[in-house]
Structures are given as C-alpha cells and as structure tokens.
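Worksheet for the structure shown next.
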Amino acid sequence: MTILNPFTLLLMVSGILLGIFMGSIPGMTATMTVAVLLSFTFTMDPTNGMMLLLGIYGGAVYSGSIPAVLIRTPGTPSAAATIFDGYPLSQKGEAGRAIRISTVASFVGGIISVLGLMFFSPVIADAALQFRSPEFFALAFFGLTIIASVSGDSLTKGMMSGLLGMLVATIGIDPITGFQRFTFGVPELLTGIQFIAVMIGLFGIAEGLKSYSEGIDRDGKKVDQEIEGVVPSLADLKSIAPVSVLSGIGGVIIGAIPGAGGDIAAFITYNEATRWIKDATPSFGEGNIRGIAAAESGNNASTGGALIPTLTLGIPGDSVSAILIGALAVHDIQPGPALYQDQTGLLYEIFMGFLLIYVFILIFGLLGAHYWVRLINVRESLLWPAIFVLCVIGAIALRGNVFDAWVMLGAGAIGYVLRLRGYPLAPMVLGLILAPIAEENLRRSLSLSGGSLDIFYQSPIALIILLLSAGTLILPVFRKVSPELSDIMN
C-alpha cells in the first residue's frame with residue numbers, strides 16, 4: 001500500500017504540520033495554503049501529491065481553532081463558531097482544556113467524514129454512471145445555482161462574481177465549433193485561462209494585498225497563556241461524545257452540498273447543539289465545551305463531505321476541493337463516475353490516507369498544543385513575502401509559462417478589488433470551474449435533440465436536478481422578500 005511508504009508518510013506528516021502552521025495564523029486559510037503549494041505536487045505521483053494536499057487541508061481546518069480560542073480571531077473561516085465558547089474558556093484560564101476538546105472533536109468529525117466518503121461516494125458514483133449530456137448539464141447548472149447560497153449578504157454581488165468567473169471560463173477555443181473566443185490575438189489565450197493560476201491569485205495574492213492594506217504585524221495578536229496537560233479528562237470526553245458524533249454526521253451532510261463549506265457546517269451544527277441541549281452548564285457562549293465540540297466536529301466533518309461530490313461528480317464541494325480537482329487534472333485524472341472504474345486503487349489510497357491523516361492530527365494536536373499556540377505570533381512581515389514568492393513559482397510551474405504568472409497577478413488584483421467592495425470570491429471560483437461543463441453539455445444535448453429542450457425533461461434524473469436548481473435559486477430570494485412582506489403585513 002503506497003500510503004505506508006516512508007516517503008508518502010513523510011509527505012503526509014509534512015502537509016499536516018504545514019497546515020497546522022498556516023491555519024494557526026489568522027488570515028492564512030486552508031484554500032490559500034493548498035493553492036500556493038499545489039505546484040509542488042506536479043512532479044509527484046497522484047497518491048503522493050494528494051496525501052500532501054489532504055494533509056495541509058485537514059491540518060489547516062483543525063488548527064483554525066487555536067487562535068479562535070486564544071485571541072478571539074479564527075485562523076480559518078470555518079473556525080469562526082469556535083470563538084463563541086472557546087474564547088470564554090481561554091479568558092477563564094482554561095485555554096488548554098479548550099484546545100484539547102477542539103482536537104478530539106476535530107478527530108471525531110474527520111473520521112466520520114472519511115467513513116462517509118468511503119461508504120457513500122461509491123453508491124453515488126454508480127448512479128452517476130448513468131449520466132449523459134443532459135444529466136451532466138443539469139448537474140453543472142445545479143452547481144452554478146449554489147452561487148445564490150454562497151453569496152453572503154448580497155445576492156447581486158454574488159451573482160456578479162459568479163458571472164465574472166463564467167466570463168473568464170469562455171476565453172480560448174470553443175469546445176464545439178473550434179472557433180477562437182476573446183483571445184484578442186494573444187497566442188497564450190488559445191488554451192484558455194488556467195483556473196489554478198486564477199485561484200492562486202484570488203486566494204494568495206489578494207489575501208496578501210488585503211493584509212498589507214490593513215497594516216501587517218498589528219498589535220493584539222500576542223498571547224502568553226500557558227497550555228497544561230495533554231489528554232482531556234474522562235468527564236469531558238463523556239460530555240462531548242454524543243454532540244461530537246451527531247455534529248460529525250451533520251457536517252458530512254452539509255459538506256457534501258457543493259458550495260456549503262466548513263464555516264456553514266460549523267454554524268449549523270453549533271446552532272443545532274444550542275437548540276437541543278437544554279442542560280448546558282455553563283450556558284452556550286460562556287465557555288461550554290459541548291459548543292466547542294459541536295463547531296469543531298462539524299467543520300472538520302465537512303472536509304470528507306466536500307470530497308463526495310468532488311470525486312463522484314467532478315463538482316467541487318468547496319474551494320479546496322476545487323483545487324484538488326486541478327491537482328488530479330495535472331495527472332490527466334478526471335474526477336467523476338469513471339474515476340471509480342479506472343482509478344479504484346488511487347481512490348482507496350485517498351480514503352485510507354485521509355483516515356490516517358486524522359489519526360496524525362489527533363496525535364500532533366494533543367502533543368503539540370504547547371507549541372501551536374505560539375504560531376499566531378509569527379510576524380506577517382516575514383511570512384507574506386515568502387508566500388508571494390511561492391505564488392509566483394506555483395503559477396509558472398503549472399505549465400512552465402510565465403504568462404500564467406501574469407494571469408495569477410491579474411487575478412490577485414481583481415480579487416483584492418472584489419474583496420474591498422464586498423464581493424465574495426467563492427461564486428467566481430464556482431463559475432470558473434462549472435461554466436465549461438455546463439456549456440459543453442448544454443450544446444451537446446441540444447445537438448442531439450435537434451435544438452429541442454424536451455431532452456432535459458424527458459430524463460427523470462435531469463428533471464429532478466433542474467427542479468432542485470430552481471428551488472436553490474428561489475430560496476434565497478424568498479428569504480430576502482419574506483421579512484419585507486412580514487413588515488408590510490404588520
């Protein structure tokens with residue numbers, strides 16, 4: 001088994017430690033870290049590359065809770081809900097207890113997510129083998145409608161961001177007719193815009209520019225609190241066990257919804273814990289360990305959940321899994337139903353490797369808590385220049401083309417402006433990845449049907465998915481309009 005190879009284990013451990021390092025520093029997201037370091041996997045075999053990236057993914061999602069507990073600032077967006085009870089515990093002098101609880105809950109949620117990935121993704125893949133062009137169009141369209149759900153406070157800004165990603169995706173050669181589109185006589189644009197270079201810019205360069213604009217090495221990030229002990233007490237383990245398991249299951253389900261992500265999973269599982277646990281002492285929001293467990297189990301469980309649509313349907317469950325699609329594409333491996341027929345060995349290496357990654361996270365998290373708390377004190381003025389260099393190297397290494405570095409820098413500038421104006425970046429990524437799939441399968445379906453739309457509702461699967469898409473589009477609008485209607489009626 002490749003994952004037991006010493007070099008593969010070394011890559012796995014290196015990825016976890018690097019992920020913990022980056023996730024512990026506020027603003028250094030898992031998405032950005034995976035995007036920047038993607039280029040290092042280009043010369044590796046697929047298993048080794050995936051183990052490195054999955055190690056970073058799992059480690060960063062876990063360690064985002066460390067600054068959330070210590071300085072009330074989540075290291076990653078998915079750790080935001082951990083603040084509610086983690087920081088109050090830290091203020092009581094129990095930061096060590098809070099970090100140990102978050103570590104165990106992260107392990108439970110991660111293991112549940114991998115088990116869900118192992119047992120449910122093959123079932124979904126078997127069903128997806130029946131898909132033709134109409135079904136794939138419906139599926140890609142459904143993925144695009146999720147833009148409405150990940151647009152934040154402004155649906156309009158989310159849709160504009162998504163449309164910008166779709167527009168960028170049209171650059172290059174028309175997949176059906178072979179005509180050039182929006183190339184403007186630039187030979188490098190004939191092969192289209194490399195979405196990996198765009199994502200490195202959006203999540204690496206743009207984040208760095210934002211940090212510099214706000215002033216790096218700001219005060220208020222230093223912490224000197226001592227962390228004592230290694231393993232949570234038996235009473236604490238008994239207290240968090242039920243909520244960790246149930247939140248893990250919920251996190252897998254939420255994570256499997258394309259575009260949902262760990263932050264949504266964490267807030268929903270935390271909210272459900274506050275609804276159903278009535279004997280909370282202390283109250284939620286005042287340092288309850290079950291609140292920490294619910295948030296951390298939920299956001300870590302979303303990692304394996306996000307890989308379910310990624311591996312079975314080729315639709316990214318979140319931003320990190322979108323980058324993982326690019327990592328596989330470099331090796332001419334296309335995620336989707338055929339993956340379960342042609343690459344079964346690689347799949348089970350991924351399953352078992354991800355399981356082992358969470359075992360390592362538990363060990364490193366408990367033994368290294370004394371050290372992880374000091375990572376948030378790393379000076380950003382030293383860190384960001386190194387990240388910028390890695391971004392440039394990563395973009396050029398993609399195809400050995402300097403033009404991709406310019407694309408990356410342009411995407412970074414656009415991403416920075418979008419963030420300043422409150423435009424979410426996730427819709428742009430969804431549009432960039434899913435638009436080509438939707439366009440190609442729509443036009444192929446219409447060619448098969450002679451231009452008739454009947455081909456879509458004659459397929460029960462495509463019809464159901466399109467109805468779900470309609471519901472996904474209507475729901476955010478209904479939520480926005482219903483309060484206004486209530487005010488009018490009252």
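If you're wondering where the values come from, they're calculated on a predicted model, not measured in any experiment.
Here the CZ atom belonging to F351 is positioned 10.0 Å from the OG1 atom belonging to T344, to the nearest 0.5 angstrom. Once rounded to the nearest 0.5 Å, the distance linking CD1 of I56 with CD1 of I323 reads 10.0 Å. Once rounded to the nearest 0.5 Å, the distance linking CG of L324 with CG of L38 reads 8.5 Å. Distance check: I99 CD1 to S63 OG gives 10.5 Å after rounding to the nearest 0.5 Å. Put simply, CE on M118 and OH on Y348 are 7.5 Å apart, with the number rounded to the nearest 0.5 Å. Atom-to-atom distance recorded for F354:CZ and I111:CD1 is 9.5 Å, nearest 0.5 angstrom.
Closest non-hydrogen pair, L209 versus G412, comes out as CD1-O, 4.1 Å. Closest heavy-atom contact between E296 and A105: CB-CB, 4.1 Å. Taking every heavy atom of both residues into account, I112 and S244 meet most closely at CD1-O, 4.3 Å. Among all heavy-atom pairs drawn from I240 and A293, the shortest one is CB-CB, 3.8 Å. Heavy-atom minimum distance, I350 versus M50: CD1-CE, 4.0 Å. Residues L53 and A327 approach most closely at CD1-CB, 3.6 Å, considering heavy atoms.
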_Between T310 and I325, does the side-chain contact (heavy atoms from CB on, under 4.5 Å) criterion hold? Intermediate values first, please._
CA-CA 7 Å; T310 302; I325 290 177; 3.6 Å; yes

*asked:* With side-chain contact (heavy atoms from CB on, under 4.5 Å) as the criterion, how do R97 and L89 come out once you've worked through the C-alpha distance, each side chain's angles and the decisive distance to 0.1 Å?
replied: CA-CA 8 Å; R97 184 187 181 203; L89 265 182; 4.1 Å; yes

*Kindly indicate, with the supporting measurements, whether the criterion side-chain contact (heavy atoms from CB on, under 4.5 Å) is fulfilled by L11 and M44.*
CA-CA 11 Å; L11 288 173; M44 300 178 186; 3.9 Å; yes

*Evaluate side-chain contact (heavy atoms from CB on, under 4.5 Å) for N5 paired with L10, printing each intermediate quantity in order.*
CA-CA 9 Å; N5 182 289; L10 177 62; over 6 Å; no

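Side-chain contact check for S302 versus V252: every heavy-atom pair is 4.5 Å or farther apart. For the pair S113 and N300, the minimum side-chain heavy-atom distance is 4.5 Å or more. In this structure, the side chains of I357 and M12 come closer than 4.5 Å at one or more pairs of heavy atoms. The shortest distance between side-chain heavy atoms of I292 and F84 does not fall below 4.5 Å.
Under a 3.5 Å cut-off, the side chain of T82 and the backbone N or O of S65 do not form any donor-acceptor pair. Judged by distance alone, with hydrogens and angles left aside, the side-chain atoms of S161 form no donor-acceptor pair with the main-chain N or O of K157 at under 3.5 Å. With T103 contributing its side chain and L366 its backbone, the two residues share no donor-acceptor pair below 3.5 Å.
Residues Y270 and D85 bring a donor and an acceptor atom of their side chains to less than 3.5 Å of each other. Checking T303 against Y57 by side-chain atom types alone, no donor-acceptor pair falls below 3.5 Å. When only modelled atom types and interatomic distance are considered, D45 and N48 share a side-chain donor-acceptor pair under 3.5 Å. Residues E349 and T47 bring no donor and acceptor atom of their side chains to less than 3.5 Å of each other.
Remark: of the listed residues I361, L9, L54, L9 is the sole one forming a side chain to side chain contact (heavy atoms under 4.5 Å, CB included) with L356.
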